[in-house]
Engineer: 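Here it is: the structure, laid out below.
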Amino acid sequence: MEIVKIEQIPYHHTWQLRHEVMYPDLPFDQIKLANDMEGTHFGLTVDGRLTAVVSLFNTAGSYQFRKFATSTSLQRAGYGSALLKYLITYTQDRAAAQLWCNARVSASGFYERFGFVKSGPVYIENNIDFVRMELNR
Ligand SMILES: CC(C)(COP(=O)(O)OP(=O)(O)OC[C@H]1O[C@@H](n2cnc3c(N)ncnc32)[C@H](O)[C@@H]1OP(=O)(O)O)[C@@H](O)C(=O)NCCC(=O)NCCS
C-alpha cells in the first residue's frame with residue numbers, strides 16, 4: 001500500500017514540480033516567486049516521492065495559495081484533493097478570514113468541488129485565462 005504524507009517543505013523544493021507541471025516552456029528561474037521566502041510551502045509525497053506542491057501566503061488573515069501542481073502523470077488520482085483539503089483545514093485552524101487563489105480557468109471546476117466561488121472577471125496573463133476564486137468563512 002502506498003504511503004501518502006503531507007508536510008511543510010522548503011520553498012525551493014516546490015520549484016521542480018512547479019516548473020515541470022505549470023511552466024515547462026519557461027526558463028527554470030522564471031518560475032520562482034519574488035516572495036517565495038515569505039510563504040509556507042506544502043508537499044504531498046507518495047512513497048517518499050514529491051507528487052504535489054502548493055504555496056501559501058498570508059496577508060492579515062487572508063490566505064492566498066499559488067502554484068498548485070500535481071505531477072502530470074499522477075493527476076486525477078486524488079492527490080490534489082488531499083492537499084487542498086489539508087490547506088482548507090490548515091487555514092481554518094488559523095481562523096483565516098478567507099482562502100483564495102487566482103485560478104486557471106481550466107482548473108476552476110476542481111476548486112468549485114470544494115466550495116470555492118468565482119469572485120471576479122476572467123483575465124488573461126501569459127496567454128492563460130485566470131479567475132479569482134474564494135472560499136469564504
Ligand atoms: C489542478 C490540479 C492541481 C488538481 O490536482 P489533481 O491531483 O489532479 O486533483 P484530484 O485528482 O484530486 O482531482 C479531484 C477531482 O477533481 C477533478 N479535476 C481535476 N482537475 C480538474 C480540472 N482541471 N477541472 C475540473 N475538474 C478537475 C478530477 O477529475 C477529480 O474528480 P474525480 O475524483 O471525479 O475523478 C492538477 O490537475 C494540476 O496540477 N493541473 C495543472 C496545473 C494547474 O492547472 N494548477 C492549478 C493552477 S490554478
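Ligands are counted one by one from 1 in listed order, and the atoms in each one are counted from 1 as well. Computed from heavy atoms alone, side chains included, the values below leave out hydrogens, waters and symmetry copies.
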Engineer: Output yes when the distance from some N or O of ligand 1 to some N or O of Arg113 is under 3.5 Å, and no in every other case.
Structural biologist: yes
Engineer: Just distances here: any N/O of Ser106 and N/O of ligand 1 closer than 3.5 Å?
Structural biologist: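 Yes, there is a polar N/O contact under 3.5 Å.
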Engineer: Among all protein heavy atoms in this structure, tell me which lies nearest to atom 9 (O) of ligand 1, with the distance rounded to 0.1 Å.
Structural biologist: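 I find the closest protein heavy atom is Phe110 CE1, 3.5 Å.
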Engineer: Can you tell me the protein heavy atom closest to atom 21 (C) of ligand 1 and the distance?
Structural biologist: Arg76 NH2, 3.0 Å
Engineer: To the nearest 0.1 Å, how far is atom 11 (O) of ligand 1 from its closest protein heavy atom, and which atom is that?
Structural biologist: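 Answer, as residue, atom name and distance: Gly78 N, 2.7 Å.
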Engineer: Using a 4.0 Å cutoff against the non-hydrogen atoms of Met22, which atoms of ligand 1 qualify?
Structural biologist: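 Going through ligand 1 atom by atom, the ones under 4.0 Å from Met22 are 45 (N), 47 (C).
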Engineer: If only atom types and distance count, is the side chain of Gln75 paired as donor or acceptor with the main-chain N or O of Thr70 below 3.5 Å?
Structural biologist: yes
Engineer: Considering both backbone and side-chain atoms of Ser81, is one of its nitrogen or oxygen atoms within less than 3.5 Å of a nitrogen or oxygen in ligand 1?
Structural biologist: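 Ser81 vs ligand 1: N/O contact under 3.5 Å present.
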Engineer: Can you confirm, on distance only, whether ligand 1 has an N/O atom lying under 3.5 Å from any N/O atom belonging to Ala103?
Structural biologist: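 Looking only at distances, the answer is no, because the N/O contact criterion of under 3.5 Å is not met.
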Engineer: Less than 4.0 Å from atom 35 (O) of ligand 1, is there any heavy atom belonging to the protein?
Structural biologist: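 Within 4.0 Å: no protein heavy atom nearby.
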Engineer: Counting each atom of ligand 1 from 1 as listed, which ones have a heavy atom of Ala77 under 4.0 Å away?
Structural biologist: 11 (O)
Engineer: Return the closest protein heavy atom for atom 43 (C) of ligand 1 as residue, atom name and distance.
Structural biologist: Phe68 O, 3.8 Å
Engineer: With side chain to side chain donor-acceptor pair (under 3.5 Å) as the test, would you mind laying out the steps for Ser55 and Arg18 before giving the verdict?
Structural biologist: CA-CA 10 Å; Ser55 300; Arg18 210 190 258 181; 3.1 Å; yes
Engineer: Is the contact between Cys101 and ligand 1 made by the side chain, the backbone, both, or neither, using heavy atoms and a 4.0 Å cut-off?
Structural biologist: neither
Engineer: Kindly indicate whether the side chain of Tyr11, heavy atoms from C-beta on, has any atom under 4.5 Å from the side chain of Leu33.
Structural biologist: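 A side-chain contact under 4.5 Å is absent here.
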Engineer: Quick one: does ligand 1 sit under 4.0 Å from the side chain of Phe114, the backbone, both or neither, non-hydrogen atoms only?
Structural biologist: neither
Engineer: Under 3.5 Å, which donor-acceptor pairs do the side chains of residues 82-92 form with other protein atoms, sequence neighbours left out?
Structural biologist:
| from | atom 1 | to | atom 2 | distance (Å) |
| --- | --- | --- | --- | --- |
| Thr89 | OG1 | Lys85 | O | 3.1 |
| Thr91 | OG1 | Leu87 | O | 2.8 |
| Thr91 | OG1 | Ile88 | O | 3.1 |

Engineer: Got an N/O contact under 3.5 Å between Gly80 and ligand 1?
Structural biologist: yes
Engineer: Should the ring pair Trp15 and Phe28 be called parallel, tilted or perpendicular, given that the plane angle runs from 0 to 90° and is split at 30 and 60?
Structural biologist: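 Aromatic pair Trp15/Phe28 classed perpendicular.
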Engineer: For the residue pair Ser71 / Arg49, report whether a side-chain donor-acceptor contact shorter than 3.5 Å exists.
Structural biologist: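 No - no donor-acceptor pair under 3.5 Å links their side chains.
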Engineer: Report yes or no: is the cationic atom of Arg104 (NZ for Lys, CZ for Arg) under 6.0 Å from the centre of the six-membered ring of Tyr23, at an angle within 45° of the ring normal?
Structural biologist: yes
Engineer: State, yes or no, whether a side-chain contact exists between Ile31 and Met22 at a heavy-atom distance under 4.5 Å.
Structural biologist: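 Ile31 vs Met22: side chains apart.
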Engineer: Mind checking whether Phe68 and Phe110 have side chains closer than 4.5 Å, heavy atoms only?
Structural biologist: yes
Engineer: Determine yes or no for a side-chain-to-main-chain donor-acceptor pair under 3.5 angstrom, with Asp129 supplying the side chain and Ile124 the backbone.
Structural biologist: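 Answer holds: no.
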Engineer: Going by the atom numbers of ligand 1, which of them fall below 4.0 Å from some non-hydrogen atom of Ala69?
Structural biologist: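 Close to Ala69: 39 (O).
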Engineer: Checking contacts here: is it the side chain or the backbone of Lys67 that comes within 4.0 Å of ligand 1, counting heavy atoms only? Could be both or neither.
Structural biologist: neither
Engineer: What protein heavy atom is closest to atom 44 (O) of ligand 1, reported as residue, atom name and distance in Å?
Structural biologist: Arg104 CD, 3.6 Å
Engineer: Could you check Lys32 against His12 for side chain to side chain contact (heavy atoms under 4.5 Å, CB included), going step by step and ending with a plain yes or no?
Structural biologist: CA-CA 8 Å; Lys32 301 174 182 173; His12 58 277; over 6 Å; no
Engineer: Does Phe130 have a non-hydrogen atom less than 4.0 Å from ligand 1?
Structural biologist: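 In this structure, Phe130 fails to qualify as a contact of ligand 1 - no heavy atom is under 4.0 Å.
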Engineer: What is the ring orientation for His41 with Phe57, classed by angle as parallel under 30°, tilted 30 to 60°, or perpendicular over 60°?
Structural biologist: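 It falls in the perpendicular class, over 60°.
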Engineer: If hydrogens are left out, which of Glu112, Lys85, Arg18, Gln75 has an atom nearest to atom 38 (C) of ligand 1, that is, the closest non-hydrogen atom?
Structural biologist: Gln75
Engineer: Grouping I, L, V, M, F, W and Y whenever their side-chain heavy atoms are under 4.5 Å apart, do Ile9 and Val46 come out in a common cluster?
Structural biologist: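 No, because Ile9 and Val46 fall into different hydrophobic clusters, even though each may have its own neighbours under 4.5 Å.
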Engineer: Counting non-hydrogen protein atoms only, what is the nearest one to atom 39 (O) of ligand 1? Give residue, atom name and distance.
Structural biologist: Thr70 N, 2.9 Å
Engineer: Pick one of side chain, backbone, both or neither for how Val21 approaches ligand 1, counting any non-hydrogen atom pair under 4.0 Å.
Structural biologist: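 Side chain only.
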